[in-house]
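Here the structure comes first, spelled out in C-alpha cells, and everything after it is commentary.
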Amino acid sequence: MDREIPLVPDNTANFERIFELLRKEYPNAAPALHFKNPLELLVATILSAQCTDRQVNQVTQKLFREYRTIEDYASADLTEFGRDIYSTGFYHQKAKHIIASAHIMLTEFEGQVPYTMEGLLRLPGVGRKTANIVLSRAFGKIEGIAVDTHVKRLSRRLGFTQETNPEKIEQDLMAIAKRKELETLSMTLILHGRKVCVARKPMCEMCVVNELCPSSRV
DNA sequence: CTCCCGATAT
DNA sequence: ATATCAGGAG
C-alpha cells in the first residue's frame, strides 16, 4: 500500500518553508463539502468516507431537502435511506451508522450534534478524521488534524512522518506545526494532494515544493 | 487484519 | 483489470 515511498528521510526541518509555499498556492483552503449547519456537515462527512466530495455533494443536494432534522434521520427507513445515499458507496454501513448516530444524539446529546471530540467519537461512523472536521468547520475548535488519505500520503512523501497509522501521523504533525497552522494544514495538504501530489502519478514537475521534497522525481 | 462498496481514473 | 476516492467498525 505504501510501498511507493520506500525510505523518505526526515524532512521536518523544511516544514515551515514547505507549508508557506503551499499556503501561497492554496490561500483560501475551504472544504469542498456543501453544508449549512453542523448536522449537514456531520452527515456529509460520514458519507465522504472512501468517496469523492463531488459524489457526496451530488447526493446531499437531494438528501438535505428530505432530511432536515435529527428526528428525520432517526425515523428513516434503513432500506430507503440506503437507496438515498447509494452512490456514495458503503451505503448499507453508512445508512446504519447515520440512523444510529441520530438516535444517540436524541437520547444522549439532547438532540444536538456533539461539539466535543469525546462526544463525536461516541457516534457510530465517526472516527478522529470525521470528528476533527466537524469540530473545526462546524464549531471552530481546532483540537487535532484530520488525517485522511491525502494528508497521510503527502506527510510521508514530504518526510514529515514515517508513520502509517493516522493517529500517529496526527501526533507527528501536531508536534511539528504551530498552533496557528493547524487550521489550514489539513485542507492545504488535501488540495495539493488532489491537484498535484496525486496518488498514482504525482506531477512533481508542477509542484511548488519539489525542491524541498525528498520524494520529488524532478 | 478484513470487511464494507459504488464511481472514476488509468 | 486494477487502484483509489476528505474512513470506520469488528
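Quick caveat, the model's predicted, so the values are computed rather than measured. In what follows, chains carry the letters A, B, and so on, assigned in the order in which the sequence lines appear, proteins first and then strands, with residues in each chain numbered from 1. Every heavy atom of this structure was used, including side-chain atoms; hydrogens, water molecules and symmetry mates were not.
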**Asked** Salt bridge check: are Asp53(A) and Arg194(A) linked by an N-O gap of less than 4.0 Å?
**Response** yes
**Request:** Kindly indicate whether the side chain of Leu154(A), heavy atoms from C-beta on, has any atom under 4.5 Å from the side chain of His192(A).
**Result:** yes
**Comparing Ala146(A) and Pro124(A) on DNA chain C - which has the more 5′ nearest nucleotide** = Ala146(A)
**Prompt:** Does the side-chain ring of Phe90(A) lie flat on the base of dC5(B), meaning centres under 5.5 Å and planes less than 30 degrees apart?
**Reply:** no
**Item:** Same-atom distance (P) from dG8(C) to dT8(B), integer angstrom
**Value:** 23 Å
**Message:** Using a 4.0 Å heavy-atom cut-off, does Ala32(A) contact any base of the nucleic acid, only the sugar-phosphate backbone, or nothing at all?
**Reply:** base
**Request:** For dA6(C), take OP1 and OP2 only and decide whether either is under 4.0 Å from a side-chain N or O of His150(A).
**Result:** yes
**Prompt:** Which value, in whole Å, describes the distance between the P atoms of nucleotides dA3(C) and dC3(B)?
**Reply:** 16 Å
**Item:** Distance between C1' atoms of dC5(C) and dC5(B) (Å, rounded)
**Value:** 12 Å
**Item:** Listed nucleotide nearest any side-chain atom of Arg153(A), set dC5(C), dA6(C), dC5(B)
**Value:** dC5(C)
**Asked** Which nucleotide, dC5(C), dG8(C), dA9(C), lies nearest any side-chain atom of His97(A)?
**Response** dA9(C)
**From dA6(C), dA9(C), dA7(B), nucleotide with atom closest to Asp53(A) side chain** = dA6(C)
**Sugar-phosphate, base or nothing in reach of Thr130(A), heavy atoms under 4.0 Å** = sugar-phosphate
**Request:** Please work out if Tyr91(A) contacts a base, only the sugar-phosphate, or nothing of the nucleic acid, heavy-atom cut-off 4.0 Å.
**Result:** sugar-phosphate
**Asked** Roughly, in whole Å, what's the span from NZ in Lys201(A) to P in dT4(C)?
**Response** 14 Å
**Asked** Asn132(A) has an atom CG; how far is it from atom P of dG8(C), in whole Å?
**Response** 9 Å
**Prompt:** To the nearest angstrom, how far is Asn165(A) atom CG from dC1(B) atom P?
**Reply:** 11 Å
**Message:** Measuring to OP1 and OP2 of dG6(B), would you say a side-chain N or O of Ser87(A) lies under 4.0 angstrom away?
**Reply:** no
**Prompt:** Counting any heavy atom closer than 4.0 Å, what does Leu123(A) reach on the DNA or RNA strands: base, sugar-phosphate only, or nothing?
**Reply:** sugar-phosphate
**Prompt:** What does Val151(A) touch in the nucleic acid at a heavy-atom separation under 4.0 angstrom: a base, only the sugar-phosphate, or nothing?
**Reply:** nothing
**Request:** Give the rounded distance in Å between these two atoms: CG of Leu47(A) and P of dG8(C).
**Result:** 13 Å
**Message:** Atom CD of residue position Glu205(A) - does it have more than 12 heavy atoms of other residues, nucleotides or ligands inside 6.0 Å?
**Reply:** yes
**Asked** Within this structure, what is the CG-to-P distance between Leu42(A) and dG8(C), rounded to whole angstrom?
**Response** 11 Å
**Message:** Using the rule given for side-chain contact (heavy atoms from CB on, under 4.5 Å), can you reason through Ile169(A) versus Asp172(A), listing the C-alpha separation, both sets of side-chain angles and the distance that settles it, and then say yes or no?
**Reply:** CA-CA 5 Å; Ile169(A) 293 176; Asp172(A) 282 350; 5.6 Å; no
**Message:** Whole angstroms only, please: what is the CD1-P distance between Ile98(A) and dC4(B)?
**Reply:** 19 Å
**Request:** Would you mind reporting whether Thr161(A) and Leu173(A) have side-chain heavy atoms less than 4.5 Å apart?
**Result:** no
**Request:** Looking at every strand, decide which applies to Pro166(A) at a 4.0 Å heavy-atom threshold: base, sugar-phosphate, or nothing.
**Result:** nothing
**For atom NZ of Lys94(A) and atom P of dG7(C), their distance in whole Å** = 9 Å
**Item:** Side-chain heavy-atom pair Met187(A), Tyr26(A) within 4.5 angstrom cut-off
**Value:** no
**Side chain Ser186(A), main chain Ala146(A), donor-acceptor under 3.5 Å** = yes
**Asked** Nearest to the side chain of Lys129(A) - dA6(C), dC5(C), dA7(B)?
**Response** dA6(C)
**Request:** Take atom CD of Gln93(A) and atom C1' of dG6(B), then tell me their distance rounded to the nearest Å.
**Result:** 14 Å
**Prompt:** So what does Ile133(A) hit on the nucleic acid, given a heavy-atom distance under 4.0 Å: a base, only sugar-phosphate, or nothing?
**Reply:** base
**Asked** When you look at Asp84(A) and Tyr67(A), which way does the side chain to side chain donor-acceptor pair (under 3.5 Å) test go after all the steps?
**Response** CA-CA 11 Å; Asp84(A) 292 336; Tyr67(A) 299 87; 3.1 Å; yes
**Request:** Could you give the distance separating dT4(C) and dC1(B) at their P atoms, to the nearest angstrom?
**Result:** 16 Å
**Item:** Close approaches to DNA chain C from residues 176-197 of chain A, in residue order (heavy atom, under 4.0 Å)
**Value:** Met187(A), Ile190(A), Arg194(A)
**Fill in**
All heavy atoms of Val113(A) vs all of Pro38(A), minimum pair found to be CG2-C, 4.0 Å
**Asked** How would you label the contact of Gln50(A) with the nucleic acid (heavy atoms, under 4.0 Å): base, sugar-phosphate, or nothing?
**Response** base
**Asked** The side chain of Thr52(A) lies closest to which of these nucleotides: dG6(B), dA6(C), dC5(B)?
**Response** dA6(C)
